[in-house]
Amino acid sequence: NAPSLSNAPSLSNECHGLTQRGMIQRSEIIWLGVSAGVMGCLLGGMMLGVGIFLLSGGANGGWLLLLPAAPMGAVPGWLLARKLARQL
């Protein structure tokens, strides 16, 4: 007699009562990098440009834009990464 397959365990990806969290896909990571790079360059470059313009005009207030330009360029990427991590 051949064994019956009706009692065999299923090989599906069902979670059996547990909630399964989705994996982050490679395309989401790529788009995170692209959008963070573009937004960071726009924000940091704008602050850098305006700060240098003010400094060349003799306004010392340009340092308030020039010095934090690079760290502020990283903020959009950090916020987008937190949003993506929250999906887990």
Side-chain angles (χ1 to χ4, degrees):
N1 272 346
S4 172
L5 295 177
S6 62
N7 294 334
S10 66
L11 298 176
S12 68
N13 290 332
E14 295 176 6
C15 237
H16 300 295
L18 301 174
T19 58
Q20 184 177 10
R21 296 182 177 187
M23 294 286 293
I24 294 176
Q25 296 177 355
R26 183 180 299 169
S27 62
E28 292 174 331
I29 294 173
I30 290 172
W31 279 114
L32 170 72
V34 168
S35 60
V38 169
M39 288 179 14
C41 286
L42 286 174
L43 179 66
M46 212 183 246
M47 289 177 68
L48 186 71
V50 172
I52 288 176
F53 177 75
L54 289 174
L55 284 174
S56 66
N60 288 332
W63 288 109
L64 295 175
L65 290 174
L66 184 71
L67 292 176
M72 286 302 293
V75 169
W78 177 65
L79 292 174
L80 288 172
R82 285 187 56 184
K83 179 182 173 186
L84 186 61
R86 211 176 303 137
Q87 290 179 0
L88 290 178

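Everything numeric in this text was worked out from a predicted model, so none of it was measured.
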What is the distance from atom CH2 of W63 to atom CD1 of I52, rounded to the nearest 0.5 Å?
9.0 Å
Distance col, row L64:CG vs L55:CG, nearest 0.5 angstrom, shows 9.5 Å
In terms of hydrophobic clustering (I, L, V, M, F, W, Y; side-chain heavy atoms under 4.5 Å; direct or indirect links), are [X] and [Y] co-clustered?
| X | Y | result |
| --- | --- | --- |
| M47 | L79 | yes |
| L54 | L48 | no |
| W78 | L80 | no |

Show the nearest heavy-atom pair for residues L43 and M72, with the distance to one decimal.
CD2-O, 3.0 Å
Show the atom names and distances, to 0.1 Å, of all donor-acceptor pairs under 3.5 Å that link a side chain in residues 29-36 to residues at least two apart or in another chain.
| from | atom 1 | to | atom 2 | distance (Å) |
| --- | --- | --- | --- | --- |
| S35 | OG | W31 | O | 2.8 |
| S35 | OG | L32 | O | 3.3 |

